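Note that the structure is a prediction, hence the values are computed from the model and not measured. The first residue of the sequence shown is numbered 1, and numbering continues consecutively from there.
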Amino acid sequence: QVQLVESGGGSVQPGGSLRLSCAASGYTAPFNCMGWFRRGPGKEREGVAVIWRDGSPDYLTAVKGRFTISQEKGKNTVYLQMNSLKSEDTAMYYCVASSTFCSGFAEYGYNHWGQGTQVIVSS
């Protein structure tokens, strides 16, 4: 059974940084893509960053230039470095992975989801 386990969430002041990690177990082949979604208070869940199997990233416009997604080579481990955090980044962040096809920022393509890690940005 595939499991995605996130870590690295927490509370930080505006302008601060956090690094989220996601490690997969139960699946040895490389995922076709991995990424991060988030759901803020009172908001719809949205895709934040995805990384394709060839290593190319894609970002939500609101986080471009502030967030960086990366993947550990040869492993189903993905990171999200978040800098210059804003209060609107407050959300539960979910790691996602697809062993079938990639759907970018659409949820339907991701057949594996983590439980989520909370990020709170507040002064």
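- When every heavy atom of Asp89 is checked against every heavy atom of Val63, the shortest pair comes out as OD1-CG1, 4.5 Å.
- Atom CD in Glu88 sits 8.0 Å away from atom CZ in Arg38 (nearest 0.5 Å).
- Put simply, Trp52 and Tyr27 are part of two different groups of oily side chains (I, L, V, M, F, W, Y) that touch within less than 4.5 Å, one to the next.
- Under the side-chain contact (heavy atoms from CB on, under 4.5 Å) criterion, Phe101 pairs with Ser103, Tyr108, sequence neighbours left out.
- Cluster annotation: Phe67 and Val96 are assigned to distinct hydrophobic clusters (Ile/Leu/Val/Met/Phe/Trp/Tyr, side-chain heavy-atom contacts under 4.5 Å, transitive).
- Gln118 places no side-chain N or O within 3.5 Å of a backbone atom of Gly10 that could act as its donor or acceptor partner.
- The line from CG of Leu18 to CD of Gln81 is 8.5 Å long, rounded to the nearest 0.5 Å.
- Under a cut-off of 6.0 angstrom, the local environment of CD in Gln115 is sparse, with at most 12 non-hydrogen atoms contributed by other residues, nucleotides or ligands.
- Scanning both residues, Trp36 and Leu80, for their nearest heavy atoms gives NE1-CB, 3.5 Å.
- Rounding to the nearest 0.5 angstrom, the gap separating the CG atom in Asn32 from the CG atom in Asp54 is 11.0 Å.
- Ile120 and Tyr94 sit in two unconnected hydrophobic clusters of ILVMFWY residues. Membership requires side-chain heavy atoms under 4.5 Å apart, directly or through other members.
- When all heavy atoms are compared, the tightest approach of Leu20 to Met82 is CG-CE, 3.8 Å.
- Taking SG of Cys22 as the reference point, atom CD of Gln71 lies at 9.5 Å (rounded to 0.5 Å).
- Listed by first then second residue, pairs satisfying side chain to side chain donor-acceptor pair (under 3.5 Å) with a partner in residues 1-26 read Ser17-Asn83, not counting sequence neighbours.
- His112 has its side chain out of reach of Asn76: every pair of non-hydrogen atoms, C-beta onward, lies at least 4.5 Å apart.
- One N or O on the side chain of Tyr110 and one on the backbone of Gly104 form a donor-acceptor pair closer than 3.5 Å.
- Note on Tyr93: it clusters hydrophobically with Leu60, by side-chain heavy-atom contacts below 4.5 Å among ILVMFWY residues.
- By the criterion of side-chain heavy atoms lying less than 4.5 angstrom apart, applied directly or through intervening Ile, Leu, Val, Met, Phe, Trp or Tyr residues, Val119 is not grouped with Phe37; the two fall into different hydrophobic clusters.
- In this structure, Pro14 and Ser123 approach most closely via the heavy-atom pair CD-N, 3.7 Å.
- Once rounded to the nearest 0.5 Å, the distance linking CZ of Phe31 with CG of Asn111 reads 7.5 Å.
- Here the SG atom belonging to Cys95 is positioned 11.0 Å from the OH atom belonging to Tyr79, to the nearest 0.5 angstrom.
- Both the sub-6.0 Å distance and the 45° axial angle are satisfied by Arg45 relative to the ring of Trp113.
- The main-chain N or O of Arg66 is never found under 3.5 Å from a side-chain atom of Ser84 such that the two would form a donor-acceptor pair.
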